[in-house]
There are 2 protein chains.
Amino acid sequence: MIRNLSKLERQKGIKEYISKDPFLSDKKLAELFNFSVQTIRLDRLEMGIPEMRKRIVQVAKNTPSTDKVKSLKKEEIIGELIDIELGKNGIAILKTTKDMAFNKTGIVRSHYIFSLADSLAISIIDTEVALTGIARLSYKNPVYAGQTLVAKARVARNRGNKYLVSVHVKTDQREVFTGKLVIFSVNDKIKKEKT
Amino acid sequence: MIRNLSKLERQKGIKEYISKDPFLSDKKLAELFNFSVQTIRLDRLEMGIPEMRKRIVQVAKNTPSTDKVKSLKKEEIIGELIDIELGKNGIAILKTTKDMAFNKTGIVRSHYIFSLADSLAISIIDTEVALTGIARLSYKNPVYAGQTLVAKARVARNRGNKYLVSVHVKTDQREVFTGKLVIFSVNDKIKKEKT
DNA sequence: CACCTATTATTAGCTACTACTAATTGTAAG
DNA sequence: CTTACAATTAGTAGTAGCTAATAATAGGTG
């Protein structure tokens, strides 16, 4: 029961709930938000969210269980965001595991470190959508599975929609990675450039 | 007796069809086997096969999409290695999905593209262990979820244990990423530097 | 013939909807 | 205060894809 929400807030909430649990029927959502089933339906229609059964089918059809494609999993940010000042700087932590490393040496694969740096850099940009344009990376020292990485990012320059973000990753005082990323904040323009 | 056999065969057939395509309703099965819907239902009940909607839910719940773990999944190489000449060049393909993209725009997150490029670059180096040292990345165009990326890597220079690998990633003739990676081949030395 | 199995038909009821109309409530402006 | 409009709720008819129960029919077999 989460009454006392504006229409917008409720719709946002419904979206979130459904994205987290696509198995929610209108009835259950109505109980959760303490609004009538009809209102929930209207919200769904306004937001273009399909009915529960169709959502379940979508999820089922997305099952990549028979896929051979090796891919990474989605994440909003890699690691844990522990401090952030939008537009200025941020800190994130990633505990590395054996899964992230080469079996042979136990050295963490470089793209995990980049992912930490890149997602942190993007998340400190105070904008709806940010995309990486150019990056210069330097891996200073190997990281071993089990070590905890601390990434610090800082906006070094900002001209228009172009941000230069520098990221330093350390583990136990020791610098393991530095990077300079040029990030672009984006409106809806890019969508039309598609083709 | 002939009837009995045909019944058994039909039930076997239904089982097979459903296991291959759980999205088949009783009606569709009835049309496929040219029996009435009631007969199909009886068969399902006799075999203990649940109704279509419950089958779909089962499939959907088996998907690992509800993971909250904030880390990337381990992979030996990101994408599918489709051609390789050790020490010279290689090609890898990655089919992008919604999971790899920002929800808002459907644009694939930059670190997935880097991961494809980086793991390909490392795998073409003809050595036991290879580590990324320095990298210069340039994201030329946004990649949209669903597009298939083709990465081509080439060893541009090789001095001692230092390899300069250039990687180009395209989707439909269109260049979306280029990178120059300096990769170091490693023996066992680094392991002892560990601290 | 009665008995049995397989199949098909019919009906009632269920969930989770779509699509629609209509009534009610809230709220802000004149 | 009233009027206007948006938001919400209620209700109806119809749908797919079922469950469950009951009945009818055709075709053997002892």
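Lettering of chains follows the sequences in order, A, B, ..., and the numbering in each one begins at 1. This structure is a prediction, so every number in the text was calculated from the model and none was measured.
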Novice: Would you say the side chain of B:Leu29 lies within less than 4.5 Å of the side chain of B:Ile18, judging by non-hydrogen atoms?
Specialist: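 The answer is yes, as the side chains (C-beta and beyond) meet within the 4.5 Å cut-off.
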Novice: Send over the distance from A:Lys28 NZ to C:dA16 P, rounded to a whole Å.
Specialist: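 To the nearest whole Å, that distance equals 7 Å.
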Novice: Would you say that B:Thr171 contacts B:Tyr144 through its side chain, given a criterion of any heavy-atom pair below 4.5 Å between the two side chains?
Specialist: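 They are not in contact (no side-chain heavy atoms under 4.5 Å apart), so the answer is no.
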Novice: Round to the nearest Å and state the distance from A:Arg41 atom CZ to C:dT15 atom C1'.
Specialist: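 Taking CZ of A:Arg41 and C1' of C:dT15, I get 11 Å after rounding.
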Novice: Whole angstrom is fine here: how far is it from CZ in A:Phe33 over to C1' in D:dA7?
Specialist: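 Rounded to the whole Å, the gap is 17 Å.
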Novice: Any side-chain heavy-atom pair from B:Phe102 and A:Ile122 closer than 4.5 angstrom?
Specialist: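 They are in contact (side-chain heavy atoms under 4.5 Å apart), so the answer is yes.
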Novice: Starting at the 5' end of DNA chain C, which residue's closest nucleotide do you reach first, B:Phe35 or B:Arg53?
Specialist: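 So the residue in question is B:Phe35.
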Novice: Taking the six-membered ring of B:Phe23 (Phe, Tyr or Trp), confirm whether the NZ or CZ of B:Arg55 is under 6.0 Å from its centre and within 45° of its axis.
Specialist: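 No, B:Arg55 does not sit over the ring of B:Phe23.
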Novice: Output the rounded distance in Å from CG (B:Leu42) to P (C:dT5).
Specialist: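 So the CG-P distance, B:Leu42 to C:dT5, works out to 14 Å.
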Novice: Check the distance between C:dT5's P and B:Glu46's CD and give it to me in whole angstrom.
Specialist: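 The answer, rounded to whole Å, is 12 Å.
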Novice: Whole Å only: how far is the NZ atom of B:Lys54 from the P atom of C:dT15?
Specialist: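 Value for this atom pair: 11 Å.
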Novice: When all nucleic acid strands are considered with a 4.0 Å heavy-atom cut-off, which category describes A:Arg44: base, sugar-phosphate, or nothing?
Specialist: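 Sugar-phosphate: the residue A:Arg44, judged by heavy atoms under 4.0 Å, touches backbone atoms but no base.
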Novice: Starting the side chain at C-beta, find the nucleotide from D:dT19, C:dT10, D:dA7 nearest to B:Gln38.
Specialist: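 The closest nucleotide is C:dT10.
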Novice: B:Ser25 near the nucleic acid: base, sugar-phosphate alone, or nothing, with a heavy-atom cut-off under 4.0 Å?
Specialist: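 If one applies the 4.0 Å heavy-atom cut-off, B:Ser25 turns out to touch the sugar-phosphate alone, with no base involved.
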